[in-house]
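Atoms within a ligand are numbered from 1 in the order they appear, just like the ligands themselves. Keep in mind it's a predicted model, so treat the numbers as computed, not measured. We use all heavy atoms of the structure for the numbers below, so side chains are in, but hydrogens, waters and symmetry mates are not.
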Amino acid sequence: MIVILKPRAEEARVNALMEQIKQQGVDIHFSRGTQETILGLVGDTTHVDEDWLRASDIVADVRRVSEPYKLANRRFHPQDSHIDAAGRLIGEGTFTVIAGPCSVESEAQLLEVATAVKASGATCLRGGAFKPRTSPYSFQGLENEGLKLLREARRVTGLPIVTEIMSETQLDDFADVDIIQVGARNMQNFRLLKELGHSKKPILLKRGLSSTIEELLMSAEYILAGGNENVILCERGIRTFEKMIRNNLDISAVPVIKQKSHLPVIIDPSHAAGIAWMVEPLSRTAIAAGADGLMIEVHNNPKAALCDGAQSLNPQQFDHLMQDVRRRVAFEEKTLL
Ligand code: PEP
Ligand code: MN
């Protein structure tokens with residue numbers, strides 16, 4: 001981090017500021033030029049608050065030269081992380097396909113979808129029991145009854161279950177969920193992230209609708225900083241001016257995250273596209289870009305779905321997609337796990 005001081009900053013004030021910075025555990029490389037005086041902060045600057053520095057009236061500017069996240073940063077953890085989700089490894093070299101309905105609607109619906117996606121080769125089952133809906137009048141999910149049905153579907157298919165948590169007060173109810181999903185709308189629910197940091201559960205952290213990749217990594221940092229290393233990132237499309245698709249899949253997030261972080265990253269083409277026919281082409285781009293997996297919405301009768309029917313594949317469409325995925329994943333020398 002570089003701190004540029006204002007010209008003619010009083011020496012006593014500069015010394016006091018340097019002392020305060022050093023107390024935060026970083027060294028300072030001091031350089032006084034003819035035009036400006038620069039403090040180069042050396043060491044772990046993740047705890048140094050840029051806004052605190054900017055608030056000082058002897059500071060002209062502050063520039064970060066290293067990322068503000070440490071635990072999620074590949075620089076400090078060069079090897080790829082692999083997350084163990086109920087015995088299945090998620091991360092580089094493997095490929096995960098999480099499939100299932102947007103929301104759990106009934107026992108018959110979930111079991112039909114779960115057995116179909118399992119037969120087509122999905123590796124995990126998804127289904128929302130608690131749904132974050134834009135309108136309070138839309139279907140909100142079956143809640144705890146939905147969790148019960150997910151456990152039943154896991155028993156029948158053997159697939160680990162992935163479902164979305166809305167609040168830290170639900171952690172006890174989610175104790176036997178295999179992967180806890182944090183939805184796009186909760187990516188910056190910092191109290192929730194902190195509590196998830198105290199658990200050991202795999203967390204699927206989805207990127208917020210208008211969040212930068214750095215903000216996603218900072219949210220992952222909250223979970224990691226609490227001691228939970230089991231974080232999987234998910235790119236699910238971001239909001240742009242484009243109206244032909246629900247969200248814009250930011251495929252560049254995959255190589256960027258892979259370069260910046262050691263955490264696995266999966267792509268959710270369903271929420272990005274918002275349209276079923278686009279799910280398969282976007283899935284291909286995800287594999288080509290180096291994603292570690294996909295999350296796909298599948299419904300036994302998309303037209304009658306209580307949530308996200310337009311983007312849901314039917315089981316036949318999902319089976320077609322999986323045949324293509326298997327070929328491409330084999331070509332990339334990854335193992336479908
Ligand atoms: C979901 O996975 O059904 C969901 C609500 O996703 P997102 O948080 O990405 O909108
Ligand atoms: Mn959905």
Looking only at distances, please establish whether an N/O atom of ligand 1 is found under 3.5 Å from an N/O atom of [X].
{"X": "Asp308", "value": "no"}
{"X": "Arg185", "value": "yes"}
{"X": "Asp268", "value": "no"}

Is ligand 1 less than 4.0 angstrom away from at least one heavy atom of Cys102?
->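 Per 4.0 Å heavy-atom rule, Cys102 contacts ligand 1.
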Does even one non-hydrogen atom of Arg207 get within less than 4.0 Å of ligand 1?
->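 Arg207 does not count as a contact of ligand 1 under the 4.0 Å cut-off.
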Can you pull out the closest protein heavy atom to [atom]? Residue, atom name and distance to 0.1 Å, please.
{"atom": "atom 9 (O) of ligand 1", "answer": "Arg236 NE, 2.6 Å"}
{"atom": "atom 4 (C) of ligand 1", "answer": "His271 NE2, 3.4 Å"}
{"atom": "atom 8 (O) of ligand 1", "answer": "Ala184 N, 2.7 Å"}
{"atom": "atom 5 (C) of ligand 1", "answer": "Glu164 OE1, 3.7 Å"}
{"atom": "atom 6 (O) of ligand 1", "answer": "Lys206 NZ, 2.9 Å"}

Between [X] and [Y] (salt bridge meaning N to carboxylate O under 4.0 Å), is one present in this structure?
{"X": "Lys148", "Y": "Glu152", "result": "no"}
{"X": "Asp178", "Y": "Arg154", "result": "yes"}
{"X": "Asp308", "Y": "Lys131", "result": "no"}
{"X": "Glu214", "Y": "Lys260", "result": "no"}

Under the 3.5 angstrom rule, does the side chain of [X] hit a backbone N or O of [Y] as a donor-acceptor pair?
{"X": "Ser270", "Y": "Glu297", "value": "yes"}
{"X": "Arg126", "Y": "Pro101", "value": "yes"}
{"X": "His82", "Y": "Pro264", "value": "no"}

Metal site angle (apex the Mn ion (ligand 2)), NE2 from His271 and SG from Cys102, 10 degrees |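 An angle of 170° at the metal.
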Using a cut-off of 6.0 Å, state whether more than 12 heavy atoms not belonging to Gln323 lie near its atom CD.
-> yes
May I ask you to check whether Cys307 brings an N, O or S atom to under 2.8 Å from the Mn ion (ligand 2)?
->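 Short answer: no, not a single N, O or S atom is under the cut-off.
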Describe, in one word, how the ring planes of Phe174 and Phe130 are oriented to each other, choosing from parallel (under 30°), tilted (30 to 60°) and perpendicular (over 60°).
-> tilted
Against heavy atoms of [X], which atoms of ligand 1 measure under 4.0 Å?
{"X": "Gly183", "result": "8 (O)"}
{"X": "Glu297", "result": "3 (O)"}
{"X": "Lys131", "result": "1 (C), 3 (O), 5 (C)"}

Of all the N, O or S atoms in Asp308, the one nearest to the Mn ion (ligand 2) is OD2
Check all N, O or S atoms of Glu297 and name the one closest to the Mn ion (ligand 2).
->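 Atom name of the closest N, O or S in Glu297: OE2.
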Should Val177 and Val117 be regarded as members of a common hydrophobic cluster, given that ILVMFWY residues are connected when their side-chain heavy atoms come within less than 4.5 Å of each other, either directly or indirectly?
-> yes
Check Val231 against Ala220 and note the closest heavy-atom contact, atom names and distance.
->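 Answer, listing the atom of Val231 first, then Ala220: CG1-CB, 4.1 Å.
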